[in-house]
Amino acid sequence: MNSTNPNNKFPESALNNVFALVDCNNFYASCERLFNPKLEKKPVIVLSNNDGCVIARSNEAKATGIKMGAPAFEFKELITKHRVHVFSSNYALYGDISNRIMSILYELAPDVEVYSVDEAFLDLSKMKFEDLAAFAKKIRKTVKQWVGVPVSVGIGPTKTLAKIANHVAKKNPEYANIVNLCTIENTDNLFKTIPVSGIWGVGRAYSNFLMERGIHTVYDFKKSDENWVRKHMGVIGQKTLFELRGVSCLSLEAFAPDKKNICISRSFGTPLGSFEDLEQATSTFVTRAAEKLRLQKSCARAVFVFVMTNRFSNTPKYVNSTLIQLPVPTSITSEIIHHSLKGLKKIYRPGYKYKKTGIILSDLIPDDQLQYGIWDDLNRENFTGLMQVVDKINARVGQGAVKFAVQGTKKQWKMHQERLSPQYTSKWNELLTIKI
DNA sequence: TCTGGGGTCCTAGGACCC
DNA sequence: TCTGGGGTCCTAGGACCC
């Protein structure tokens, strides 16, 4: 390992830090409720693409026994029996609601790290200790009042502890969605009641590993030997251990770094057999990925293309992929499509029913560090200008307003979304109308 | 019938070099 | 009869997150 790797170093002590984690309660389900108040107190679930798996559940839905991440068809009976309201995922809606919530947090707190669509860390180190509880209440109240989504707030001296605090706040109604570990007398007693799997950074594999060795709770893990943890869980596990002991190893990252890979992939509603259909899907994926690429002002040096048949069915299976080095780092959609389709041709085999394909743009570099090849005969300036115009039109008129011919118009590969709610906040013709 | 999508980081081990 | 050692780079795979 590189000796300059900063990951080996821990601050001596960081007890003066205070972090908060603000996390939306059952976010997607709460978003669906916003425009549909009849759903209050009713079980609500949201499904993944193609209406496949359960990816969000209201508390009432959790109580019915519907499992997170499991295929929806396994719960058909429960859904009917408990009259669960089912929605296809509506990412345009959730993204917009998320932006509104985050902008409130930016307004209320000095330093914010948007960690995911429904979570943000706040650095409250500069805030007076006695003001923390009131501040957490203010966050909850403001977000609820201005946007309508309930949130939970966990506070602690490290990010990992703030995560745990949030976990406790959500699981135990008596805390009313706010837990501040800094003011709890004996956190060890609390930690004895939380399973080790509740720790941020301890997933399924590690929690099985730990439980087999008698480490069942957060408390057990916190008391584990540092070197043993380092040996079996690497530097990340060691950091987690330190964080649980109150030593801050993970700082607030206010600025999201550029992506190192950009991936677009989809499962198809109906499996595809023909090359033309896959070609249309693949070029559409490249188009979206290249938009994202240009948004962060990067160019890709390679593109990875993959295809696969349904891994669950008994039909003939085929999985293949190819990595294509682009002759010149580029963000020009047509150029990346050209190379991707060459790759697709290489791995396509007729006779299979393809369930999923995708592309990954990789080896990304900032677009101001380009080195053009000597034999490059493409007029890059013209194409870059064209891309800017296309991006502008699509941003204004709507995604896909201007397309490449190869993307086709039939969209054979479209998803199943039988229970999609309207884009209440981001499409003019789907705005909510209220009759008075 | 029906099983998501998009990311990151770390580590071990092989290739290669001197 | 002998068969080094240290370093870098790359990749695949495994872990995690939401």
Side-chain angles (χ1 to χ4, degrees), chain A residues 1-8 21 23-24 26-28 45-56 67-76 79 86-91 94-95 98 113-121 159-160 163 166-167 197-210 229-240 249-250 253 256-271 285 288-289 292-293 296 302 304 306 308-315 321 323 353 355-364 415-419:
Chain A
M1 181 182 282
N2 188 342
S3 63
T4 60
N5 187 340
N7 295 329
N8 279 328
L21 177 69
D23 193 326
C24 300
N26 316 323
F27 182 54
Y28 296 168
I45 61 173
V46 177
L47 307 182
S48 63
N49 284 342
N50 285 311
D51 296 340
C53 298
V54 179
I55 54 168
K67 294 272 176 292
M68 181 70 171
F73 67 83
E74 289 179 3
F75 298 104
K76 252 187 168 156
I79 288 170
V86 181
F87 290 91
S88 304
S89 38
N90 185 344
Y91 293 110
Y94 312 148
S98 172
E113 173 187 342
V114 176
Y115 179 68
S116 76
V117 69
D118 71 331
E119 287 173 77
F121 285 103
K159 282 173 140 185
T160 304
K163 267 272 188 187
N166 197 291
H167 176 93
S197 60
I199 301 171
W200 187 40
V202 178
R204 207 173 50 180
Y206 281 143
S207 53
N208 286 339
F209 172 83
L210 291 169
V229 170
R230 167 74 203 222
K231 188 176 162 206
H232 293 100
M233 298 172 68
V235 64
I236 296 183
Q238 195 186 9
K239 278 189 183 182
T240 299
C249 305
L250 307 169
E253 288 170 37
D258 283 343
K259 299 261 179 286
K260 297 176 176 177
N261 294 289
I262 294 174
C263 171
I264 303 282
S265 72
R266 288 288 178 280
S267 296
F268 307 127
T270 314
F285 299 161
R288 285 206 203 138
K292 291 189 180 189
L293 186 65
Q296 70 166 36
F304 183 81
F306 64 89
M308 56 180 74
T309 51
N310 191 335
R311 63 197 164 108
F312 297 104
S313 71
N314 293 323
T315 49
S321 62
L323 179 70
K353 288 287 182 194
K355 179 64 179 169
K356 178 175 179 174
T357 66
I359 64 108
I360 303 172
L361 302 180
S362 62
D363 224 343
L364 310 187
M415 294 185 287
H416 287 309
Q417 288 184 305
E418 291 181 10
R419 295 163 176 277

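Just so it is clear: chains get the letters A, B, ... in the order the sequence lines come, proteins before strands, and each one is counted from 1.
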Quiz item: What's the closest nucleotide to the A:C263 side chain, out of B:dC2, B:dG7, C:dA15?
Solution: B:dG7
Quiz item: A:M415 CE to B:dG4 P: how many Å, rounded?
Solution: 12 Å
Exercise. Please tell me which of A:M233 and A:R311 maps to the more 5' nucleotide of DNA chain B, matching each residue to the nucleotide holding its nearest heavy atom.
Key: A:R311
Practice problem: Consider only side-chain N and O atoms of A:S267 and A:N50, and report whether a donor and an acceptor are under 3.5 Å apart. | Solution: no
Quiz item: Nearest of C:dC17, B:dT3, B:dG4 to any side-chain atom of A:Y115?
Solution: C:dC17
Exercise. May I ask you to say what A:E74 touches in the nucleic acid, namely base, sugar-phosphate or nothing, with a heavy-atom cut-off under 4.0 Å?
Key: nothing
Quiz item: Does the A:S207 side chain pair with the main chain of A:G203, one donor and one acceptor, at a distance under 3.5 Å?
Solution: yes
Quiz prompt | Listed nucleotide nearest any side-chain atom of A:D118, set C:dC18, B:dC2, B:dG7 | solution = C:dC18
Exercise. Assign A:K76 to base, sugar-phosphate, or nothing according to its heavy-atom contacts below 4.0 angstrom with the strands shown.
Key: base
Quiz item: Which of the following nucleotides, C:dC18, B:dG6, B:dC9, is nearest to the side chain of A:W200?
Solution: C:dC18
Practice problem: Calculate the interatomic distance between A:N314 atom CG and B:dC2 atom P; express it in whole Å. | Solution: 10 Å
Quiz item: Quick one: is C:dC18 close enough that its OP1 or OP2 comes under 4.0 Å of any side-chain N or O from A:K163?
Solution: yes
Quiz prompt | Short side-chain N/O contact to B:dT3 OP1/OP2 from A:S48, under 4.0 Å | solution = no
Self-check item: C:dC17 OP1/OP2 closer than 4.0 Å to side-chain N/O of A:K159
Solution: no
Quiz item: Which residue, A:N49 or A:S313, contacts DNA chain B at a nucleotide closer to its 5' end, judged by nearest heavy atom?
Solution: A:S313
Exercise. To the nearest 0.5 angstrom, please state how far the CE atom of A:M415 sits from the CZ atom of A:R266.
Key: 5.5 Å
Exercise. Give one of base, sugar-phosphate or nothing for A:L47, where a contact means two heavy atoms less than 4.0 Å apart.
Key: nothing
Quiz item: Is any side-chain heavy atom of A:T160 less than 4.5 Å from a side-chain heavy atom of A:C249?
Solution: no
Quiz item: Whole-Å distance between B:dC2 P and A:K353 NZ?
Solution: 13 Å
Quiz item: Given the P atoms of C:dC18 and B:dC2, what is the spacing between them in whole Å?
Solution: 30 Å
Self-check item: pair A:K353-A:T315: side-chain heavy atoms closer than 4.5 Å
Solution: no
Quiz item: Would a line drawn from the ring center of A:W200 to the ring center of A:Y206 be shorter than 6.0 Å?
Solution: no
Quiz item: Looking for any heavy atom pair under 4.0 Å, which part of the strands does A:I264 touch: base, sugar-phosphate only, or nothing?
Solution: sugar-phosphate
Quiz item: Can you find a side chain N or O atom of A:K239 that sits less than 4.0 Å from OP1 or OP2 on B:dC10?
Solution: no
Exercise. Please report, rounded to the nearest Å, how far the C1' atom of B:dT3 is from the CG atom of A:N310.
Key: 8 Å
Quiz item: Contact class for A:V117 vs. all strands (heavy atom < 4.0 Å): base, sugar-phosphate, or nothing?
Solution: nothing
Quiz item: Quick one: which of B:dT3, C:dA15, B:dT8 gets closest to the side chain of A:Y206?
Solution: C:dA15
Quiz item: What nucleotide, of B:dG7, C:dC18, B:dG4, holds the atom closest to the side chain of A:I55?
Solution: B:dG4
Exercise. Ignoring backbone atoms, test whether A:K292 places a side-chain nitrogen or oxygen under 4.0 Å from the OP1 or OP2 oxygen of B:dG6.
Key: no
Practice problem: Looking only at side-chain atoms of A:R230, point me to the closest of B:dG5, B:dG7, B:dT11. | Solution: B:dT11
Quiz item: Once you round it to whole Å, what is the distance between P of B:dG7 and CD1 of A:I359?
Solution: 10 Å
Self-check item: Among B:dG5, C:dC18, B:dC10, the one nearest A:V235 by side-chain distance
Solution: B:dC10
Exercise. Look through every strand shown and name the nucleotide pairing with B:dC18 as Watson-Crick or G-U wobble, where both distances are under 3.5 Å.
Key: C:dG5
Quiz item: According to the interplanar angle, ranging from 0 to 90°, do the rings of A:Y91 and A:Y94 count as parallel (below 30°), tilted (30 to 60°) or perpendicular (above 60°)?
Solution: perpendicular
Quiz prompt | Interatomic distance, A:Q417 CD vs B:dT3 C1' [rounded to whole Å] | solution = 16 Å
Self-check item: Between C1' of B:dG7 and CG of A:L364, the distance in whole Å
Solution: 12 Å
Quiz item: Would you say B:dT8 has OP1 or OP2 under 4.0 Å from some side-chain N or O of A:N261?
Solution: yes
Quiz item: Looking only at side-chain N and O atoms, does A:S267 come under 4.0 Å of OP1 or OP2 in B:dG5?
Solution: yes
Quiz item: Can you check the A:F75 CZ to B:dC2 C1' distance for me, whole Å?
Solution: 13 Å
Quiz item: Among B:dG6, B:dC9, B:dG4, which is the nearest nucleotide to the side chain of A:R266?
Solution: B:dG6
